[in-house]
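A short worksheet on the structure shown next.
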Amino acid sequence: MSKPTLTLTTDVLELPHIGKRHAEAFRGMGLRCVADLLIHLPHRYEQEEAELSIGSLAELVGPQGTSEVQVSTRGEVARVKRGFGRKPRLEIQLEDDSGRLEIVFFNQPWLQRRIHPGQVLRVAGKVRLHGSALQMANPRWEQDDPEAPAPTGDSRLLPVYPASESVSSMMIARAIDAILDDAVALLEDHLPDDYRRERGLLRLDEAYRILHRPSDRDAVKAARRRIAFDELLLLQLGVMMKRHHRIKTLHAPALPLTDELQQRMAARIPFTLTPNQREVVSEIAGDLQRGVPMNRLLQGDVGAGKTVVGLQAMLMAVAAGHQATLLAPTELLAEQHAMSIERMLEGSRVRLALLTGSMAARERTRCLEAMAAGELDIVIGTHALLSKGVEFRNLAVAIIDEQHRFGVHQRAVLRQGRPGTDDVPHQLVMTATPIPRTLSLTIFGDLDVSTIHGRLPGRSPVSTRHVNGDDGEAVYVELAERVARGEQGFVVVPVIDESESLLKDIGTHMAELQAGALADCRIESMHGRMDREEREAIMERFRDGAIDVLVATTVIEVGIDVPNATMIVIEQADRFGLAQLHQLRGRVGRGEKPGLCVLIADPVTEDGEARLEAIVSTDDGFRIAELDLEIRGPGELVGSRQSGLPPFQVASLPRDFDLLRAARRDAEAWIDGDPMLQRPEHALIRRRLMKRHGEALGLVDVG
Ligand code: ADP
Ligand code: MG
């Protein structure tokens, strides 16, 4: 019988060398066909040493050898024992004619079902001498397969694959090895040969072959570079295609900015805009006056004065007879925006409303009807604005505050145009978490960026200090002194979930403070479980000076603006994210008196410590965003995860920044020459682009 022809879509169930039971397990982890196997890349490589007998291991590590040595060996399981201790452990004794090796597996209790006395195992890992016993912890292992080729005795680079409980890395390695030659031969390269050669990129089939069957580390590096470039190029092509579509196909109302309107707007603002703010306003106005939908990011540190800038954009819409909306990440913030904007618009004809999730059904329905009928000019709201059934009559400007909490999909909701037309609203995204340069080119690649730098006039710098828990008392004494001078302060406590026990925690903490250093202060608490009226009332009283110290969860993270509050104490500060700490710190220093931020923490993790160090070291939000990227790595940040885009498999930022820049340049040129990638020579890359990013980037509507 001849071997059935292999294609990239051949099901793993049909692969002769994977048993049916195993094939099901492969499918369970998403490895359904040959192509899935091919793109399932090793996440690292191990230098496998030549296999040694157990007895000869002893000579390697002892008696004078003290260090750990990477080895591979095999033997028969003589005993399996469950160990008890802090971590679940399984102890295995492996023997051959020459000696005995103890193996300990930590945190893998399921192995007890898989490893039994009498089995012959091959293991690879670091061996060391524990007393007189040879030991190996968490080695790579596999049951000896009598049909597998005998070990060559050479050392080689061994791919280690992302694996699961039922499918080991070695099983995956063997499955891929068996199909590799046939599968790579089927691969079509979407990059033309000349283009590839000019950039020193490997062919696609070469790259995959090397990654699965590497000769050495340099080859792996070159292969990863090719795949990383592909990932970045595809994303950039998608972003550029979208940009092209927005600029060339879509329309938005052209909103004029007259001198008269400018004067009317200036009269409504109780201060003078800084030159920087004016510059940003004119950048935005420039966008709004064109008939092309604006897609702009406004970044500026906490309290930099972004909201008034956004307000100007909304007023341009209203003046032209259109609607505008402002989307805030929390109810509290939406409420605050509504309040402060209402104050500025007092006595004007602008009709403004607040739409949140906690509104009564009747009130909500009335608001929605007014929006749809065009009887409201500005609607400020939360996520509730994104739900089904929310319709504007003629939305022209959508502003999204604190963008990192909203994903690409959510932003798209506010991009919806009028049915039957190519008209969509202008969009302005405001963020206090500046996007590091490295990421600004990725998923944010289609955003034009405006920046407000520095501090507003009349603002004071905030100094930041870290103290250990033992010194917490002195911090509260300092807070009490400030209160005695007529100033106010915040105490922030970390919460994991806003549950009942949280309420108790806050209560206990308040009682302790009230009984101790803050005995003479008027203290109250605020948290996310309170309803809106309750929180508003508390904020009102804090603003009026009827409360000295507000003990709160991170509900105060954004937007609260009380110039008389000069000190913020953050408890267990190592449990907050860096961006969050910076936001919290921004609650003080909003008036003339210098602000103080004290972080109380006994950090237990390295990351926690690094975050504290970073926040103490700088007050610059841009620097902090970069440090955040360094500490957390990009996956966690505003990048892939929240955006809904598939994360990169190989590319990594900021490491591959140069590659990203090259990919961006190329993508720009390609899309310039062939906007929808419709030329025959682009068919393959277009197909791959659509498959990978079509949905996430909304390219489906683009063409
Ligand atoms: P953010 O950038 O964090 O959104 P806001 O827009 O909330 O900052 O501004 C913070 C505070 O500063 C607000 O009370 C706002 O009214 C005030 N503000 C904004 N611009 C100026 C300015 N040019 N001069 C004085 N105060 C300003
Ligand atoms: Mg703000």
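Order of appearance sets the numbers: ligands from 1, and atoms from 1 within every ligand. Computation of the quantities below employed the complete heavy-atom set of this structure, encompassing side-chain atoms and omitting hydrogens, waters and symmetry-equivalent molecules. All values derive from a computational prediction rather than experimental measurement.
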Classify the side-chain pair Gln488/Asn564 by whether it contains a donor and acceptor separated by less than 3.5 Å.
yes
Does any part of the side chain of Pro293, heavy atoms only, come nearer than 4.5 Å to the side chain of His251, both counted from C-beta?
no
Are the side chain of Asn394 and the backbone of Gly321 linked by a donor-acceptor contact shorter than 3.5 Å?
yes
With a heavy-atom distance limit of 4.0 Å, tell me whether Val309 approaches ligand 1 through its side chain, its backbone, both, or neither.
neither
Which atoms of ligand 1 are found less than 4.0 Å from any heavy atom of Thr307?
4 (O), 5 (P), 6 (O), 7 (O)
Side chain, backbone, both or neither: Arg590 near ligand 1, heavy atoms under 4.0 Å
side chain
Distance only, no hydrogens: is a donor on one side chain within 3.5 Å (strictly under) of an acceptor on the other, for Glu331 and Thr382?
no
In terms of side-chain heavy atoms, does Thr431 have a donor or acceptor partner in Gln299 at a distance below 3.5 Å?
no
So the atoms of ligand 1 within less than 4.0 Å of a heavy atom of Thr274 turn out to be 23 (N)
Proximity flag Thr272 to ligand 1, non-hydrogen atoms under 4.0 Å:
yes
Any idea which part of Leu273 is under 4.0 Å from ligand 1, heavy-atom wise: side chain, backbone, both or neither?
backbone
Give the atom numbers and elements of ligand 1 that come within less than 4.0 Å of a heavy atom of Gly305.
1 (P), 2 (O), 5 (P), 6 (O), 8 (O), 9 (O), 19 (C)
Side chains of His426 and Asp287: donor-acceptor distance under 3.5 Å anywhere?
no
Is the closest N or O pair between Gly300 and ligand 1 shorter than 3.5 Å?
no
